[in-house]
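Everything below concerns the one structure shown next.
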Amino acid sequence: MRVNWNNIKLGFLGMMVIALYGFADYRSDQKTIDDISIKFLGDNNLYLTEASVNKLLIQNYGTVKNRPKEQLVLNTIEEVLRSNDMVKNAQVYLTVNGELISKIVQRKPIGRVEGISKFYLDDLGERMPLSKHHSARVPIITGKITGKTLEDAYVILNYINEDDFLRKNVIGIHIEEEGKYQLKFRLENFVVNLGGVENLDEKFKNFMAFYAKAAKDKSLEKYAVVSLEFSNQVVCTKI
């Protein structure tokens with residue numbers, strides 16, 4: 001019987017390639033984590049630190065550095081990071097050099113509630129704890145805090161953050177009761193009675209027209225209350 005040496009050579013070569021890949025994978029799995037890099041994406045204001053992230057990992061996953069790559073479960077590490085109240089999202093991956101990279105997106109506060117309980121309201125309308133590492137410069141929310149009034153405050157804050165002038169100048173929302181919200185401005189002595197959250201676009205257009213005229217007339221300091229509660233008009237109370 002004639003032997004086909006070409007087929008034998010190809011079979012042997014295939015076995016060698018498989019063996020080499022297997023050895024490479026084994027060596028790769030046995031390689032340990034040389035370093036950990038934590039990167040915070042987006043806002044430079046850090047509500048948690050690299051040290052607190054490392055502590056979180058150690059407490060909930062164990063030591064990562066110098067650990068064999070095969071022992072790491074990246075999905076579990078991501079879940080550990082996301083469990084932190086300051087973290088919105090986290091992505092973890094390994095480099096070919098044995099470095100563990102953690103990219104973290106923090107939650108973003110848009111208002112701060114000052115009451116019996118103190119906490120932030122984040123950009124999704126959810127409660128976010130205060131941080132001992134950084135204090136956000138956001139409008140202060142005071143008054144009658146309930147689930148409904150916080151929902152309305154979230155609507156108002158979202159509108160304010162879409163307007164450059166309002167975002168820079170509104171420093172507080174006071175809740176007198178449900179449907180009665182009052183705005184406080186950075187440089188002005190008057191307060192703005194907003195009423196409810198309906199027709200915000202119309203209310204703020206009327207307010208901006210009033211503000212521009214009063215600023216031109218240099219009469220802003222004469223007012224104690226500016227009310228936007230009534231349809232298509234601005235009612236002012238002088239000092």
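Values below: all heavy atoms of this structure, side chains included; hydrogens, waters and symmetry mates excluded. Given the structure is predicted, the values throughout are model-derived calculations rather than measurements.
- In the displayed structure, Lys218 atom NZ is contacted under 6.0 Å by at most 12 heavy atoms of other residues, nucleotides or ligands.
- Rounding to the nearest 0.5 Å places CD of Gln182 at 11.0 Å from CD1 of Ile156.
- Between Leu56 and Ser83, the shortest heavy-atom distance links the atoms CD1-OG, 4.3 Å.
- The nearest pair of heavy atoms linking Ser37 to Glu99 is CB-OE2, 3.2 Å.
- Counting only distance, with no hydrogens or angles, the side chain of Glu114 and the backbone of Thr142 share no donor-acceptor pair below 3.5 Å.
- A donor-acceptor contact shorter than 3.5 Å is absent between the side chain of Glu221 and the backbone of Asn189.
- Proximity of Val170 to Phe185: side-chain heavy atoms (C-beta onward) are separated by under 4.5 Å at one or more points.
- Residues Leu200 and Leu194 form a side-chain contact, since some pair of their non-hydrogen atoms from C-beta on lies under 4.5 Å apart.
- Residues Tyr159 and Val197 are not in side-chain contact: their nearest non-hydrogen atoms beyond the backbone lie 4.5 Å or more apart.
- Here the side chain of Arg82 pairs a donor or acceptor atom with the backbone of Ala90 at under 3.5 angstrom.
- The line from CG of Asp85 to CE of Met128 is 9.0 Å long, rounded to the nearest 0.5 Å.
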**Item:** Criterion side-chain contact (heavy atoms from CB on, under 4.5 Å) on Phe210 and Val192, from CA distance to verdict
**Value:** CA-CA 12 Å; Phe210 153 79; Val192 175; over 6 Å; no

**Request:** Tell me, with the steps shown, if Glu188 and Leu220 meet side-chain contact (heavy atoms from CB on, under 4.5 Å).
**Result:** CA-CA 7 Å; Glu188 312 305 337; Leu220 288 172; 3.8 Å; yes

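- Side-chain heavy atoms closer than 4.5 Å link hydrophobic residues (I, L, V, M, F, W, Y) into clusters, and following such links, possibly through other members, connects Val226 to Met208.
- Taking the six-membered ring for Trp and thresholds of 30 and 60 degrees, Phe207 and Phe190 have ring planes more than 60 degrees apart, a perpendicular arrangement.
- The shortest distance between side-chain heavy atoms of Asn193 and Lys180 does not fall below 4.5 Å.
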**Request:** For side-chain contact (heavy atoms from CB on, under 4.5 Å), just list the numbers for Lys213 and Ser219, CA-CA rounded to whole Å, side-chain angles, deciding distance to a tenth of an Å, and then say yes or no.
**Result:** CA-CA 9 Å; Lys213 185 178 186 306; Ser219 60; over 6 Å; no

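- Nearest heavy atoms, Ala214 versus Tyr223: CB-CE1, 4.4 Å.
- In this structure, Thr49 and Ile38 have side chains that are not in contact, with every pair of non-hydrogen atoms separated by 4.5 Å or more.
- The heavy-atom pair separating Gly172 from Pro139 by the smallest distance is N-CB, 4.1 Å.
- Taking CD1 of Ile101 as the start and CG of Leu94 as the end, the distance is 9.0 Å to the nearest 0.5 Å.
- Across all their heavy atoms, Tyr120 and Ser135 have their closest contact at OH-CA, 3.5 Å.
- Residue Ala153 comes nearest to Ile141 through the heavy atom pair CB-CD1, 4.2 Å, listed as atom of the first residue, atom of the second, then distance.
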**Message:** Please determine whether salt bridge (Lys or Arg N to Asp or Glu O under 4.0 Å) holds for the pair Glu198 and Lys203, giving the CA-CA distance in whole Å, both sets of side-chain angles, and the decisive distance to 0.1 Å.
**Reply:** CA-CA 9 Å; Glu198 67 284 346; Lys203 289 178 179 180; 3.5 Å; yes

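- A 6.0 Å sphere centred on CD of Gln233 holds more than 12 heavy atoms belonging to other residues, nucleotides or ligands.
- In the hydrophobic clustering of this structure, Tyr154 does not group with Val138; members are Ile, Leu, Val, Met, Phe, Trp, Tyr whose side-chain heavy atoms approach within less than 4.5 Å, directly or through other members.
- To the nearest 0.5 angstrom, Gln71 atom CD is 10.5 Å from Thr32 atom OG1.
- A continuous path of ILVMFWY side-chain contacts below 4.5 Å connects Val92 to Ile36, so both sit in one hydrophobic cluster.
- Each of Arg127, Lys108, Arg107 was evaluated against Asp122; a single residue qualifies, Arg107, per the side chain to side chain donor-acceptor pair (under 3.5 Å) test.
- Between the side chain of Arg67 and the main chain of Leu72, no donor-acceptor pair closer than 3.5 Å is present.
- Counting heavy atoms from C-beta outward, Lys103 and Leu41 have side chains that approach closer than 4.5 Å.
- For the pair Lys88 and Asp123, the minimum side-chain heavy-atom distance is below 4.5 Å.
- There is no path of hydrophobic side-chain contacts, each under 4.5 Å, that joins Phe119 to Met86.
- At a threshold of 4.5 Å between side-chain heavy atoms, the hydrophobic network of Ile, Leu, Val, Met, Phe, Trp and Tyr places Leu124 and Leu130 in two separate groups.
- Put simply, OG on Ser102 and CD1 on Ile77 are 7.0 Å apart, with the number rounded to the nearest 0.5 Å.
- Between atom OG1 of residue Thr149 and atom NZ of residue Lys144 there is a gap of 10.0 Å, rounded to the nearest 0.5 Å.
- Side-chain atoms of Val87 and Leu48, non-hydrogen and from C-beta on, do get closer than 4.5 Å to each other.
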**Asked** Asp163 and Arg167: salt bridge (Lys or Arg N to Asp or Glu O under 4.0 Å), yes or no, with the steps?
**Response** CA-CA 6 Å; Asp163 184 275; Arg167 185 176 64 254; over 6 Å; no

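- For His134, the side-chain contact (heavy atoms from CB on, under 4.5 Å) test picks out Asn45, Tyr47, with sequence neighbours left out.
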